[in-house]
Participant: 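This is the structure I want to talk about, given as C-alpha cells.
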Amino acid sequence: MATIEAIVAREILDSRGNPTVEVEVGLDDGTIGRAAVPSGASTGAFEAIELRDGDKGRYLGKGVEKAVSNVEDKIADELLGYEASEQRLIDEKMLDIDGSSDKSELGANAILGVSLAVAKAAAQSAELPLFRYLGGPNAHLLPVPMMNILNGGAHADSNVDVQEFMIAPIGAPSFREALRTGAEVYHALKSVLKKKGLSTGLGDEGGFAPSLPSNASALDLIAEAVQAAGFALGTDIVLAMDVAATEFHKDGAYVFEGSPKSTEEMINYYAKLAETYPIVSIEDPLSEEDWAGWSAMTAQLGSKIQIVGDDLFVTNPTRIGRGIAESAANAVLVKVNQIGSLTETLDAVDLAHRSGFRTMMSHRSGETEDVTIADLAVAVGSGQIKTGAPARSDRVAKYNQLLRIEEELGSAARYAGAGAFPRYRTA
Ligand SMILES: C=C(OP(=O)(O)O)C(=O)O
Ligand SMILES: [Mg+2]
C-alpha cells in the first residue's frame, strides 16, 4: 500500500460564499485524494470546533487561514510515511497532536479535511471507488434521498419556524427514479407557490423559502405539489421534517408560531401532525439539552415515526450512547464535520446500527462540490441521505454521485425505498 508523501491545504469558498478548508493528500504511487469540508449554520453546541480566524481582516473574520496552516505546519510532517490505508492510526495521530476534547487546537475543519483526503487517496491507490473502499463487497444499498424542498428556520429569511420540509420518494424502484420523482415534485411545488402568489426564492439548501400562515401549511403545499406531479402521497412519497428546535428554544420554552410552548405541547403538536400527514421522520423536534423531553417523545411516537437526533447527538459516540441508554430517539443524523474525523464518524454509525438505531447521512447547509457523503451513505448502508433540494450544484453533486454509484453497481444495487422506514405503515 502506498504511503503519504505530501499534504497541502487551501482556503476555498462554500455554497454560502464563506471560506472553508480543502486538503490534498499525495501518495508515493502518484495518487492524490482531495476533500473539502462543509459548514453548518444551525450548529449544535456540542459539535467539534470549526476553527475560524476571527480577526477583522479577510472574509470579515470568517477566514480559515489558521486551519489551513495547521494542516501544513502541524499535521503534514507528522503523517508523512504513514500507509494511507491506516486510516484509524492516522486519525488517532491527529487527535493526539490536537490534544483537546473538542478539536479546538487544530480545528475540526483541519482534521476532517486531512482525514477524508487520506481516505480518498487510499481508495484511488487501491483503484476502488470510495464507497467500495470504505464499505467492502457488501456495499450495495442506495439511500432514500430525503429532499429538503421547503426551507425555513436558520436557512431562510421567512417566518417559517421549521427548518426543513423533506420529501422521501420511498415508492420508487431505484435511486434514479426516486431522484426524478423528487425533481418533478420540486418543479410542481414552484408552480403551486407561483399560482398562490408566494415567493419562489430559495433558502440555503435550495428549497423554496416562502413566508406562510403556519408551519403545517408547508405540508399542505407539498401535498398539493405531490398530487400535481401525479404521485400518491403516503405510498409514492412520504414526508419528513427537521425542526431544528434548539434554534427557537429560549429561556426554557419553545418559541414556536409566535408564542412560548412547553415540551409537552410540542410533542402533542407533532403527534397531531403525524396523524394528519404521512410523516415518517422528525429530526430535532426538541432542543439539544431536553433529554427528558426526547425520551418522552420517543416513548409516545417512536413506534410510529423515526425520531432523529442531530444537535442532540452531534455524531458523537458518547452522546449517542446516552441516547441509546435513555431511549431518547431511534435514529442518528450523521455529519462528518460534527465529530471531525472519518473513523469517529464510522464509530458513531456502527454504534447506532448495533443498537437498533437508524442513520441518515447528511450534508451541512454550507456545502461544496465535494461528494464524499454520497459514497459514505452507500459504504455504511445508511439507507437514507439528506443533501438538500434536487437543485443547486452543491446539493445535486451528491445526488449525481449516487446515480453514478447505482450505475456502477448495476443489478447488485438495491434501493432502500420503504424498507428505510420499517416502522412506517402506509395507508
Ligand atoms: C443540515 C442542517 O443544517 P446545518 O448544516 O445548518 O446545521 C441540519 O440542521 O440538519
Ligand atoms: Mg438538523
Side-chain angles (χ1 to χ4, degrees), residues 38 40-47 146-148 150-156 160-166 168 203-205 207 215-216 218-219 239-250 252-257 261-271 273-274 279-302 304-316 319-320 322-324 326-335 337-339 348 352 357-366 382 384-388 421:
S42 61
T43 46
F46 304 100
E47 295 193 19
M146 312 293 292
M147 289 180 263
N148 176 13
L150 202 147
N151 297 185
H155 297 167
V160 175
D161 303 302
V162 171
Q163 182 179 283
E164 303 171 19
F165 291 91
M166 291 169 268
D204 286 355
E205 299 183 355
N215 287 276
L219 297 169
L239 306 175
M241 303 192 306
D242 177 6
V243 182
T246 303
E247 292 292 311
F248 54 80
H249 191 245
K250 306 254 149 51
Y254 294 93
V255 185
F256 186 75
E257 299 193 332
K261 308 271 191 309
S262 67
T263 297
E264 197 183 346
E265 284 173 301
M266 292 305 292
I267 296 174
N268 289 337
Y269 170 77
Y270 298 130
L273 277 190
I279 293 172
V280 292
S281 178
I282 303 183
E283 177 186 330
D284 282 357
L286 300 169
S287 99
E288 63 201 359
E289 309 266 23
D290 192 356
W291 287 93
W294 279 82
S295 295
M297 169 126 175
T298 304
Q300 194 173 327
L301 295 174
K304 192 171 179 215
I305 57 171
Q306 177 174 267
I307 298 168
V308 188
D310 171 12
D311 290 353
L312 183 73
F313 293 144
V314 290
T315 318
N316 183 317
R319 290 185 69 88
I320 296 168
R322 178 172 175 187
I324 292 161
E326 297 181 16
S327 297
N330 55 33
V332 176
L333 197 79
V334 179
K335 291 168 163 170
N337 79 321
Q338 276 183 329
I339 186 71
F357 275 42
R358 306 217 141 228
T359 57
M360 187 188 296
M361 198 56 62
S362 174
H363 65 162
R364 299 308 303 248
S365 51
S382 274
Q384 305 173 37
I385 189 169
K386 74 163 192 176
T387 182
F421 306 101

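Each residue takes its place number in the sequence, starting with 1.
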Participant: Identify the heavy atoms of Ala41 and Ser365 that sit nearest to each other, and give their distance.
Facilitator: N-OG, 3.2 Å
Participant: Are the side chain of Asn330 and the backbone of Ile305 linked by a donor-acceptor contact shorter than 3.5 Å?
Facilitator: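 At least one qualifying donor-acceptor pair exists.
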Participant: Would you say that Met266 contacts Lys261 through its side chain, given a criterion of any heavy-atom pair below 4.5 Å between the two side chains?
Facilitator: yes
Participant: Quick one: CD1 on Ile320 to OG1 on Thr359, what's the gap to the nearest 0.5 Å?
Facilitator: 9.5 Å
Participant: Is any side-chain N of the basic residue among Glu283 and Lys386 closer than 4.0 Å to the acidic one's carboxylate O?
Facilitator: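 Looking at Lys386 together with Glu283, the answer is yes, because their closest N to O distance falls below 4.0 Å.
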Participant: Step through the shown structure and confirm whether more than 12 heavy atoms of other residues, nucleotides or ligands are within 6.0 Å of CD on Glu326.
Facilitator: yes
Participant: Please step through side-chain contact (heavy atoms from CB on, under 4.5 Å) for the pair Phe357 and Ile324, ending with a clear verdict.
Facilitator: CA-CA 8 Å; Phe357 275 42; Ile324 292 161; 3.9 Å; yes
Participant: Under 6.0 Å between the ring centres of Tyr269 and Phe256?
Facilitator: yes
Participant: If only side-chain N and O atoms count, and only distance matters, is there a donor-acceptor pair under 3.5 Å linking Thr298 with Ser327?
Facilitator: no
Participant: Consider side chain to side chain contact (heavy atoms under 4.5 Å, CB included). Of Asp242, Leu273, Val243, which one does Ile282 pass it with?
Facilitator: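 Output: one option passes, namely Val243.
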Participant: Rounded to the nearest 0.5 Å, how far apart are CG of Asn268 and CD of Gln300?
Facilitator: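 Asn268 CG to Gln300 CD: 6.0 Å, rounded to 0.5 Å.
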Participant: Do Ser42 and His155 have side chains that get closer than 4.5 Å, going by heavy atoms?
Facilitator: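 Heavy-atom side-chain distance check passes, below 4.5 Å.
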Participant: To the nearest 0.5 angstrom, please state how far the OG1 atom of Thr387 sits from the CE atom of Met146.
Facilitator: 12.5 Å
Participant: Quick one: are His363 and Lys335 in side-chain contact, heavy atoms under 4.5 Å?
Facilitator: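 No; the side chains remain at least 4.5 Å from each other.
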Participant: Are Met297 and Ile307 packed together at the side-chain level, in the sense that at least one heavy-atom pair is separated by less than 4.5 angstrom?
Facilitator: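 Answer yes - side chains close enough.
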Participant: Determine whether Glu257 and Asn215 satisfy the following criterion, side-chain contact (heavy atoms from CB on, under 4.5 Å), listing intermediate values before the conclusion.
Facilitator: CA-CA 8 Å; Glu257 299 193 332; Asn215 287 276; 2.9 Å; yes
Participant: Under the side-chain contact (heavy atoms from CB on, under 4.5 Å) rule, what do Glu47 and Gln338 come out as? Steps first, then yes or no, please.
Facilitator: CA-CA 5 Å; Glu47 295 193 19; Gln338 276 183 329; 3.4 Å; yes
Participant: So Leu219 and Leu239, do their side chains get closer than 4.5 Å, heavy atoms only?
Facilitator: yes
Participant: Applying salt bridge (charged side-chain N to carboxylate O under 4.0 Å, His left out), run through Arg364 and Glu205 and close with a yes or a no.
Facilitator: CA-CA 9 Å; Arg364 299 308 303 248; Glu205 299 183 355; over 6 Å; no
Participant: Mind checking whether Pro285 and Ile267 have side chains closer than 4.5 Å, heavy atoms only?
Facilitator: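 SC-SC contact between Pro285 and Ile267 ruled out.
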Participant: With the threshold set at 4.0 Å, does a side-chain nitrogen-carboxylate oxygen contact exist between Glu288 and Arg319?
Facilitator: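 The answer is no: the pair does not qualify as a salt bridge.
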Participant: Could you give the distance from CH2 (Trp294) to CD (Glu289), rounded to the nearest 0.5 Å?
Facilitator: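 Rounded to the nearest 0.5 Å, the CH2-CD separation comes out at 12.5 Å.
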Participant: Stepwise, does the side-chain contact (heavy atoms from CB on, under 4.5 Å) test hold for Ser281 with Met360?
Facilitator: CA-CA 10 Å; Ser281 178; Met360 187 188 296; 3.9 Å; yes
Participant: Could you tell me which non-hydrogen atom of Phe421 sits nearest to which non-hydrogen atom of Ala168, and how far apart they are?
Facilitator: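 Smallest interatomic distance, heavy atoms only, reads CE1-CB, 4.5 Å.
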Participant: Taking all heavy atoms of Asp204 and all of Asn151, pick out the closest pair and write down the distance.
Facilitator: N-OD1, 3.5 Å
Participant: In Å and rounded to the nearest 0.5 Å, what is the CE to CD1 distance from Met241 to Ile279?
Facilitator: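 Rounded to the nearest 0.5 Å, the CE-CD1 separation comes to 4.5 Å.
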Participant: Mind checking whether Met361 and Gln384 have side chains closer than 4.5 Å, heavy atoms only?
Facilitator: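 No, their side chains stay 4.5 Å or more apart.
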Participant: When rounded to the nearest 0.5 angstrom, what distance separates CG in Asp310 from CG in Leu333?
Facilitator: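 Result: 4.5 Å between the selected atoms.
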Participant: How close do Gly293 and Thr263 get, heavy atom to heavy atom, and via which atoms?
Facilitator: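 It is CA-CG2, 3.6 Å.
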Participant: Is Leu286 close to Tyr254 at the side-chain level, that is, under 4.5 Å between some pair of heavy atoms?
Facilitator: yes
Participant: Indicate the atoms forming the closest heavy-atom contact of Ala329 with Gly309, along with that distance.
Facilitator: CB-N, 4.4 Å
Participant: So which atom in Leu312 and which in Ser287 form the shortest heavy-atom distance, rounded to 0.1 Å?
Facilitator: CD1-O, 4.4 Å
